[in-house]
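These notes concern the structure reproduced below.
Just so you know, these numbers use all the heavy atoms, side chains as well, and skip hydrogens, waters and symmetry mates.
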Amino acid sequence: GSQTDALTLTGIRLRSTGTGNDATGVTGVTLYSDVDSSGTVGAGDVLLGTVTVPVDEGEAVFAGLSLNIPVNGRVYLLGTYSLNGTPVHAQTFQLNFEAATNIAAQKVSDASAVAFAALPLSGGVVRAQGIGTLVIAPGPNPPAARLVVGTSPALQVTATAGVPEDVRLDSVRVAAASSGTPTNLVT
């Protein structure tokens with residue numbers, strides 16, 4: 001706040017930039033009052049609003065806010081993205097506060113507008129993270145069907161990790177099927 005007046009934050013505009021398409025990949029941008037100043041959304045933080053970004057590289061406009069800033073006090077704001085799953089692995093999104101004119105506030109005492117002096121600020125870069133996949137398919141040289149007593153190759157499969165990350169195969173479970181009766185099976 002100012003030295004002599006408490007303030008009410010009434011609006012803020014944040015530009016969304018990055019390699020991802022904001023209009024198609026972002027479900028919403030949410031603004032919180034970060035009460036504990038942790039930089040993460042926590043139980044005590046206050047939801048101020050959620051908006052969309054209507055065009056790529058567009059603005060998330062939060063209007064109609066009513067956040068009190070006490071005399072000589074401060075508030076911390078936290079913007080978050082909700083991505084809808086369409087951004088490609090490693091595409092980026094970033095919220096930016098570009099100019100002092102992108103924030104609106106008024107004095108509590110007389111509701112007069114307050115001018116701000118602020119530098120452009122950029123938030124941390126959010127990278128879309130794809131989830132790795134594992135595809136199991138028949139192997140290139142499956143064993144031929146044959147009658148064998150003792151140990152015999154019975155199955156070959158290919159496990160292929162998909163992009164964007166390595167996948168660790170921890171276990172394999174195989175169920176046996178036979179036309180014979182259990183007493184005739186060789187183990």
| Any side-chain heavy atom of Leu67 sitting closer than 4.5 Å to one from Leu48? | yes
Next on the checklist: Any donor-acceptor pair under 3.5 Å linking the side-chain atoms of Thr40 with those of Ser38?
Outcome noted: yes
- prompt: Do Arg13 and Ile103 come within less than 4.5 Å of each other through their side chains, counting heavy atoms only?
  reply: no
Quiz item: So if you build clusters from Ile, Leu, Val, Met, Phe, Trp, Tyr with side-chain heavy-atom gaps below 4.5 Å, do Leu78 and Leu31 land together?
Solution: no
Heavy-atom side-chain contact between Leu95 and Arg15 under 4.5 Å = no
Closest non-hydrogen contact found for Asp5 with Ser109 is OD1-OG, 2.7 Å
The reported gap from CD in Glu59 to CG in Leu14 (rounded to nearest 0.5 angstrom) is 8.5 Å
* Asked: Do Leu7 and Lys107 come within less than 4.5 Å of each other through their side chains, counting heavy atoms only?
  -> yes
Check: Under a 4.5 Å cut-off applied to non-hydrogen side-chain atoms, are Val35 and Val46 in contact?
Finding: yes
In terms of heavy-atom contacts, Pro87 and Ala128 come closest through CB-CB, 3.8 Å
Is it true that Thr92 and Thr19 share a donor-acceptor pair across their side chains at a distance under 3.5 Å?
yes
For the backbone of Gly42 and the side chain of Asp36, can you confirm whether one donor and one acceptor N or O come within less than 3.5 Å of each other? no
When every non-hydrogen atom of Thr86 is compared with those of Asn84, the smallest separation belongs to OG1-OD1, 2.7 Å
Verify the cluster assignment for Tyr32 and Tyr76: are they in a single hydrophobic cluster under the rule of side-chain heavy atoms below 4.5 Å apart?
no
| query | Do Val75 and Leu9 have side-chain heavy atoms sitting under 4.5 Å apart? | reply | no
Without hydrogens or angle criteria, can the side chains of Ser82 and Thr27 be said to hold a donor-acceptor pair below 3.5 Å? no
Does Val51 belong to the same Ile/Leu/Val/Met/Phe/Trp/Tyr cluster as Leu83, with side-chain heavy atoms less than 4.5 Å apart forming each link?
yes
On a heavy-atom basis, the closest approach of Gly39 and Asp34 is N-OD2, 2.8 Å
In terms of heavy-atom contacts, Ser66 and Thr8 come closest through CA-CG2, 3.8 Å
Distance col, row Glu57:CD vs Asp22:CG, nearest 0.5 angstrom, shows 5.5 Å
In this structure, OG of Ser122 is separated from CD of Gln94 (nearest 0.5 Å) by 4.5 Å
dist Asn21:CG -> Phe93:CZ (nearest 0.5 Å) comes out at 7.5 Å
Worksheet item: Val61, Val53: one ILVMFWY side-chain cluster at the under-4.5 Å cut-off?
Response: no
- Within-4.5 Å side-chain heavy-atom neighbours: Leu65 and Ile12: yes
Say whether Tyr81 and Thr30, considering side chains only, have a donor N or O and an acceptor N or O under 3.5 Å apart. no
Discussion item. If you define the side chain from C-beta out and look only at heavy atoms, does anything of Val29 sit under 4.5 Å from Thr80?
Written reply: no
Here the gap from Leu121 atom CG to Leu77 atom CG, rounded to the nearest 0.5 Å, amounts to 11.0 Å
